[in-house]
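The structure under discussion appears below in the form of C-alpha coordinates.
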Amino acid sequence: MNFFIALITSFCVLNNLFLPLADAVDPTDGFDNIPLIQNNFKLQRPYDVPLEERYSFENGTHRLWVYADDKPHDPNSPTQPRTEIRIHGLDYSSGVWQFEGYAFVPNGTSGATIVQIHGASHGATTILLRIYNGDMRYYSFSDRIVARDLYDKWFRVNLIHDVDVGKVTVYIDGEEKFKTKDKGPGDLYFKCGVYAAPANISYYMESRWRDIKIYKQ
(Lines give C-alpha, C1' and ligand atoms only; values in the text may rest on other atoms or scores of the structure.)
Protein backbone atom coordinates (compact mmCIF):
# COMPACT_ATOMS: atom_id res chain seq x y z
CA MET A 1 0.00 0.00 0.00
CA ASN A 2 2.82 2.41 0.85
CA PHE A 3 4.29 1.76 -2.60
CA PHE A 4 1.09 2.90 -4.34
CA ILE A 5 0.77 6.00 -2.15
CA ALA A 6 4.35 6.96 -2.97
CA LEU A 7 3.72 6.36 -6.66
CA ILE A 8 0.61 8.55 -6.69
CA THR A 9 2.41 11.29 -4.72
CA SER A 10 5.32 11.25 -7.17
CA PHE A 11 2.91 11.48 -10.12
CA CYS A 12 1.16 14.51 -8.58
CA VAL A 13 4.48 16.29 -7.96
CA LEU A 14 5.68 15.67 -11.51
CA ASN A 15 2.34 16.71 -12.96
CA ASN A 16 2.48 20.04 -11.09
CA LEU A 17 5.86 20.76 -12.68
CA PHE A 18 4.15 20.93 -16.06
CA LEU A 19 1.22 23.14 -15.03
CA PRO A 20 1.21 26.45 -16.93
CA LEU A 21 2.52 29.43 -14.99
CA ALA A 22 0.03 32.13 -14.05
CA ASP A 23 -0.04 34.94 -16.55
CA ALA A 24 1.97 37.98 -15.54
CA VAL A 25 -0.08 41.04 -14.69
CA ASP A 26 -0.27 43.41 -17.66
CA PRO A 27 0.19 47.05 -16.54
CA THR A 28 -2.60 48.08 -18.92
CA ASP A 29 -5.20 45.83 -17.25
CA GLY A 30 -8.08 47.93 -15.98
CA PHE A 31 -7.25 50.85 -18.29
CA ASP A 32 -9.12 52.12 -21.33
CA ASN A 33 -7.14 52.66 -24.50
CA ILE A 34 -7.59 56.16 -25.92
CA PRO A 35 -7.29 55.96 -29.73
CA LEU A 36 -4.61 58.26 -31.12
CA ILE A 37 -4.77 60.15 -34.40
CA GLN A 38 -2.06 61.97 -36.32
CA ASN A 39 -2.94 65.29 -34.66
CA ASN A 40 -2.02 63.79 -31.27
CA PHE A 41 1.63 63.54 -32.38
CA LYS A 42 3.23 66.99 -32.23
CA LEU A 43 6.88 66.95 -33.25
CA GLN A 44 9.54 69.21 -31.75
CA ARG A 45 13.00 69.49 -33.29
CA PRO A 46 15.85 72.05 -33.53
CA TYR A 47 14.21 75.18 -34.91
CA ASP A 48 16.75 75.81 -37.66
CA VAL A 49 16.62 72.44 -39.46
CA PRO A 50 13.87 70.78 -41.50
CA LEU A 51 11.95 68.03 -39.73
CA GLU A 52 13.15 65.33 -42.12
CA GLU A 53 16.75 66.00 -41.03
CA ARG A 54 15.94 64.91 -37.45
CA TYR A 55 12.92 62.60 -37.81
CA SER A 56 11.56 59.79 -39.96
CA PHE A 57 8.53 57.51 -39.85
CA GLU A 58 8.76 54.22 -41.74
CA ASN A 59 7.00 50.88 -41.30
CA GLY A 60 5.34 52.04 -38.11
CA THR A 61 8.58 53.20 -36.46
CA HIS A 62 9.32 56.77 -35.38
CA ARG A 63 13.06 57.48 -35.55
CA LEU A 64 14.21 60.63 -33.76
CA TRP A 65 17.78 61.93 -33.49
CA VAL A 66 19.64 65.04 -32.40
CA TYR A 67 23.20 66.34 -32.08
CA ALA A 68 24.77 67.87 -28.99
CA ASP A 69 25.40 71.19 -30.76
CA ASP A 70 21.88 71.49 -32.22
CA LYS A 71 19.68 74.47 -31.42
CA PRO A 72 16.69 74.17 -29.05
CA HIS A 73 13.18 73.67 -30.43
CA ASP A 74 12.37 77.37 -30.12
CA PRO A 75 14.61 80.42 -30.70
CA ASN A 76 13.57 81.83 -27.32
CA SER A 77 14.10 78.63 -25.37
CA PRO A 78 17.18 78.17 -23.13
CA THR A 79 16.71 74.37 -23.10
CA GLN A 80 18.91 71.62 -24.50
CA PRO A 81 18.44 70.29 -28.06
CA ARG A 82 15.66 67.80 -28.62
CA THR A 83 13.70 65.86 -31.19
CA GLU A 84 10.60 64.67 -29.40
CA ILE A 85 7.02 63.57 -29.90
CA ARG A 86 4.76 65.57 -27.63
CA ILE A 87 1.42 63.83 -27.09
CA HIS A 88 -0.93 66.67 -27.96
CA GLY A 89 -4.58 67.10 -27.00
CA LEU A 90 -4.45 64.67 -24.08
CA ASP A 91 -3.07 66.90 -21.34
CA TYR A 92 -4.30 65.92 -17.89
CA SER A 93 -4.29 67.27 -14.34
CA SER A 94 -6.04 64.52 -12.36
CA GLY A 95 -6.89 60.83 -12.52
CA VAL A 96 -4.73 57.86 -13.54
CA TRP A 97 -3.04 57.97 -16.95
CA GLN A 98 -0.63 55.67 -18.71
CA PHE A 99 1.87 55.90 -21.55
CA GLU A 100 2.96 52.78 -23.42
CA GLY A 101 5.46 52.39 -26.22
CA TYR A 102 8.21 50.14 -27.54
CA ALA A 103 11.62 51.83 -27.58
CA PHE A 104 14.97 51.14 -29.22
CA VAL A 105 18.16 53.00 -28.30
CA PRO A 106 21.26 52.41 -30.46
CA ASN A 107 24.62 51.82 -28.80
CA GLY A 108 26.44 55.10 -28.21
CA THR A 109 23.48 57.28 -27.31
CA SER A 110 24.15 58.56 -23.80
CA GLY A 111 22.85 61.40 -21.63
CA ALA A 112 19.50 61.58 -23.40
CA THR A 113 15.98 61.59 -22.01
CA ILE A 114 13.93 59.16 -24.09
CA VAL A 115 10.56 59.48 -22.32
CA GLN A 116 9.11 61.94 -19.84
CA ILE A 117 6.01 63.34 -18.19
CA HIS A 118 6.13 67.09 -18.64
CA GLY A 119 4.58 69.43 -16.09
CA ALA A 120 4.44 69.58 -12.29
CA SER A 121 3.73 71.95 -9.43
CA HIS A 122 7.40 71.92 -8.48
CA GLY A 123 9.71 71.97 -11.49
CA ALA A 124 9.17 71.58 -15.21
CA THR A 125 8.74 67.80 -15.27
CA THR A 126 7.22 65.00 -13.23
CA ILE A 127 9.71 62.37 -14.40
CA LEU A 128 12.56 62.05 -16.91
CA LEU A 129 13.95 58.65 -17.89
CA ARG A 130 17.45 58.99 -19.33
CA ILE A 131 19.83 56.58 -20.98
CA TYR A 132 23.46 56.61 -19.84
CA ASN A 133 25.75 53.97 -21.36
CA GLY A 134 22.84 51.64 -21.99
CA ASP A 135 21.25 51.98 -18.53
CA MET A 136 18.04 53.87 -17.81
CA ARG A 137 18.17 56.34 -14.92
CA TYR A 138 15.65 58.48 -13.10
CA TYR A 139 16.88 61.90 -14.22
CA SER A 140 20.70 61.78 -13.96
CA PHE A 141 20.91 60.01 -10.59
CA SER A 142 23.49 57.23 -10.83
CA ASP A 143 22.02 55.56 -7.74
CA ARG A 144 18.48 55.43 -9.17
CA ILE A 145 18.77 52.90 -11.98
CA VAL A 146 15.48 51.86 -13.56
CA ALA A 147 16.81 49.22 -15.96
CA ARG A 148 20.15 48.04 -17.35
CA ASP A 149 21.59 46.89 -20.68
CA LEU A 150 18.98 48.43 -22.99
CA TYR A 151 21.15 49.15 -26.03
CA ASP A 152 20.27 47.72 -29.45
CA LYS A 153 17.03 45.93 -28.55
CA TRP A 154 13.35 46.74 -28.45
CA PHE A 155 11.87 47.09 -24.97
CA ARG A 156 8.39 47.96 -23.76
CA VAL A 157 7.95 51.07 -21.61
CA ASN A 158 4.87 51.77 -19.46
CA LEU A 159 4.53 54.88 -17.29
CA ILE A 160 1.55 55.03 -14.94
CA HIS A 161 0.82 58.37 -13.29
CA ASP A 162 -1.74 58.41 -10.49
CA VAL A 163 -2.09 62.15 -10.02
CA ASP A 164 -4.55 61.95 -7.15
CA VAL A 165 -2.19 59.94 -4.94
CA GLY A 166 0.96 61.56 -6.35
CA LYS A 167 2.69 58.42 -7.63
CA VAL A 168 4.49 57.37 -10.83
CA THR A 169 5.25 53.72 -11.60
CA VAL A 170 7.59 52.55 -14.38
CA TYR A 171 7.36 49.15 -16.05
CA ILE A 172 9.97 47.78 -18.46
CA ASP A 173 8.92 44.76 -20.52
CA GLY A 174 5.88 44.32 -18.30
CA GLU A 175 7.85 44.22 -15.04
CA GLU A 176 7.55 46.91 -12.39
CA LYS A 177 10.99 48.49 -12.13
CA PHE A 178 10.63 51.83 -10.40
CA LYS A 179 8.19 53.84 -8.31
CA THR A 180 8.45 57.42 -7.12
CA LYS A 181 6.43 60.32 -5.81
CA ASP A 182 5.46 62.88 -8.40
CA LYS A 183 6.09 66.61 -8.05
CA GLY A 184 2.53 67.79 -7.71
CA PRO A 185 -0.24 68.31 -10.25
CA GLY A 186 -0.04 70.65 -13.20
CA ASP A 187 -0.63 70.72 -16.95
CA LEU A 188 0.71 67.22 -17.60
CA TYR A 189 1.50 65.38 -20.83
CA PHE A 190 3.70 62.59 -22.17
CA LYS A 191 6.71 62.97 -24.47
CA CYS A 192 9.17 60.55 -26.06
CA GLY A 193 12.16 60.80 -28.35
CA VAL A 194 15.54 62.33 -27.48
CA TYR A 195 16.17 65.33 -25.25
CA ALA A 196 19.76 66.05 -24.28
CA ALA A 197 20.70 66.18 -20.61
CA PRO A 198 22.55 69.29 -19.32
CA ALA A 199 25.89 67.44 -19.11
CA ASN A 200 27.75 64.22 -19.99
CA ILE A 201 26.00 63.62 -23.30
CA SER A 202 27.12 61.86 -26.45
CA TYR A 203 27.47 63.96 -29.59
CA TYR A 204 24.81 61.92 -31.43
CA MET A 205 21.61 60.77 -29.68
CA GLU A 206 18.80 58.66 -31.10
CA SER A 207 15.76 56.69 -30.03
CA ARG A 208 13.09 54.84 -32.00
CA TRP A 209 9.48 54.28 -30.97
CA ARG A 210 6.58 52.18 -32.18
CA ASP A 211 3.13 51.15 -30.97
CA ILE A 212 2.69 54.29 -28.85
CA LYS A 213 -0.55 54.20 -26.85
CA ILE A 214 -2.24 56.26 -24.15
CA TYR A 215 -4.52 54.74 -21.52
CA LYS A 216 -6.81 56.16 -18.86
CA GLN A 217 -8.33 54.46 -15.85
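In this text, all values refer to a predicted model and were calculated from it rather than measured experimentally.
Connectivity analysis of hydrophobic side chains (ILVMFWY, heavy atoms under 4.5 Å, direct or indirect) links Ile145 to nothing; its cluster partners are none. Think of Trp154 as one node in a network of Ile, Leu, Val, Met, Phe, Trp and Tyr side chains linked at under 4.5 Å; its network also takes in Tyr102, Phe104. Connectivity analysis of hydrophobic side chains (ILVMFWY, heavy atoms under 4.5 Å, direct or indirect) links Val49 to nothing; its cluster partners are none.
For an aromatic pair to be called close, the ring centres must be under 6.0 Å apart, and Trp209 with Phe99 satisfies this.
Judged purely by distance below 3.5 Å, without hydrogens or angles, the side chains of Tyr132 and Ser142 never pair a donor atom with an acceptor atom. Side chain to side chain, His118 and Tyr189 meet the donor-acceptor criterion of an N or O pair below 3.5 Å. No hydrogens or angles considered: a donor-acceptor pair under 3.5 Å links the side chains of Tyr92 and His161. Judged by distance alone, the side chains of Asn158 and Gln98 do bring a donor and an acceptor atom under 3.5 Å apart. If you check the side chains of Thr61 and Asn59, you find no donor sitting under 3.5 Å from an acceptor.
Within a 6.0 Å radius of CD in Glu58, no more than 12 heavy atoms belonging to other residues, nucleotides or ligands are found. In the displayed structure, Asn200 atom CG is contacted under 6.0 Å by at most 12 heavy atoms of other residues, nucleotides or ligands.
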Practice prompt. Give the C-alpha distance, both sets of side-chain angles, the deciding distance and a yes or no for side chain to side chain contact (heavy atoms under 4.5 Å, CB included) between Trp65 and Thr83.
Written response: CA-CA 6 Å; Trp65 65 97; Thr83 305; 6.0 Å; no
Fill in: side chain to side chain contact (heavy atoms under 4.5 Å, CB included) evaluation trace for Asp149 with Tyr151
CA-CA 6 Å; Asp149 301 323; Tyr151 276 152; over 6 Å; no
Discussion item. Assess the residue pair Val115 and Ile127 against the criterion (side chain to side chain contact (heavy atoms under 4.5 Å, CB included)); give the C-alpha distance rounded to whole Å, side-chain angles, the decisive distance to 0.1 Å, and a yes or no.
Written reply: CA-CA 8 Å; Val115 62; Ile127 188 171; over 6 Å; no
Practice prompt. Verify side chain to side chain contact (heavy atoms under 4.5 Å, CB included) between Leu90 and Leu36, making sure each step is shown before the conclusion.
Written response: CA-CA 10 Å; Leu90 293 173; Leu36 298 176; 3.5 Å; yes
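In terms of heavy-atom proximity, Gly193 sits nearest to Leu64 at CA-CD1, 4.0 Å. In plain terms, the two heavy atoms of Gly186 and Ser93 that are nearest each other are O-CB, 3.4 Å. Nearest heavy atom pair, residue Pro81 against residue Ala68, reads CG-O, 3.8 Å. The shortest non-hydrogen separation linking Pro46 to Val66 is CG-CG2, 4.1 Å. Residues Cys192 and Ile212 share a closest heavy-atom pair of SG-CD1, 3.8 Å. The shortest heavy-atom contact between Pro35 and Asn40 is O-OD1, 4.2 Å.
Remark: side-chain polar atoms of Thr126 are not paired, donor with acceptor, to backbone N or O of Asp182 under 3.5 angstrom. Judged by distance alone, the side chain of Trp97 and the main-chain N or O of Val163 form no donor-acceptor pair under 3.5 Å. Within the 3.5 Å criterion, the main-chain N or O of Leu128 finds no donor-acceptor partner in the side chain of Thr113. Side-chain atoms of Tyr139 never come within 3.5 Å of backbone atoms of Arg144 as a donor-acceptor pair (strictly under, hydrogens ignored).
For the pair Val168/Ile160, no side-chain contact is recorded, criterion being any heavy-atom separation below 4.5 Å from C-beta on. Taking 4.5 Å as the limit, every side-chain heavy atom of Gln116 sits out of range of all side-chain heavy atoms of Phe190. By the 4.5 Å heavy-atom criterion applied to side chains, Ile34 and Asp32 are not counted as neighbours. Annotation: side chain of Thr180 is not in contact with side chain of Thr169 (no heavy-atom distance under 4.5 Å).
Between the CZ atom of Phe57 and the CD1 atom of Ile85 there is a distance of 8.5 Å, given to the nearest 0.5 Å. Between the NE2 atom of His62 and the CG atom of Asp211 there is a distance of 9.0 Å, given to the nearest 0.5 Å. Atom-to-atom distance recorded for Thr125:OG1 and Leu188:CG is 10.5 Å, nearest 0.5 angstrom. One finds the CG atom of Asn107 at 11.5 Å from the CG atom of Leu150 (value rounded to the nearest 0.5 Å). Put simply, OG on Ser207 and CD1 on Ile131 are 9.0 Å apart, with the number rounded to the nearest 0.5 Å. Here NE2 of His88 is found 9.5 Å from CD1 of Ile37. Values are rounded to the nearest 0.5 Å.
Listed by chain and number, the residues in a side chain to side chain donor-acceptor pair (under 3.5 Å) with Tyr171 amount to none (sequence neighbours excluded). Under the rule for a salt bridge (Lys or Arg N to Asp or Glu O under 4.0 Å), the partners of Lys179 that lie at least two apart in sequence or sit in another chain are Glu176. Partners of Tyr215 under the side chain to side chain donor-acceptor pair (under 3.5 Å) rule, at least two apart in sequence or in another chain, are Glu100. The side chain to side chain donor-acceptor pair (under 3.5 Å) test applied to Tyr138 returns no partner, not counting sequence neighbours. Looking at residues two or more places apart in sequence or on another chain, you find a side chain to side chain donor-acceptor pair (under 3.5 Å) between Glu206 and Arg63, Tyr204, Arg208.
Leu159 and Phe141 fall within a single hydrophobic cluster, where Ile, Leu, Val, Met, Phe, Trp and Tyr are joined by side-chain heavy atoms under 4.5 Å apart, directly or via other members. Note: the hydrophobic cluster containing Val25 does not contain Phe155 (ILVMFWY, side chain heavy atoms under 4.5 Å, direct or indirect links). Each of Val170 and Tyr195 belongs to its own hydrophobic cluster when Ile, Leu, Val, Met, Phe, Trp and Tyr are linked at side-chain heavy-atom distances under 4.5 angstrom.
Pairs engaging residues 125-140 under the salt bridge (charged side-chain N to carboxylate O under 4.0 Å, His left out) rule: Asp135-Arg148 [sequence neighbours left out]. Applying the salt bridge (charged side-chain N to carboxylate O under 4.0 Å, His left out) rule to pairs touching residues 110-127 yields nothing, sequence neighbours excluded. Residue pairs satisfying the salt bridge (charged side-chain N to carboxylate O under 4.0 Å, His left out) criterion with at least one member in residues 165-175, sequence neighbours excluded, are listed as follows: Glu175-Lys177. Pairs of residues two or more places apart, or lying in two chains, that qualify as salt bridge (charged side-chain N to carboxylate O under 4.0 Å, His left out) and include a residue from residues 69-98 are Arg54-Asp70, Arg82-Glu84, Glu84-Lys191, Arg86-Asp91.
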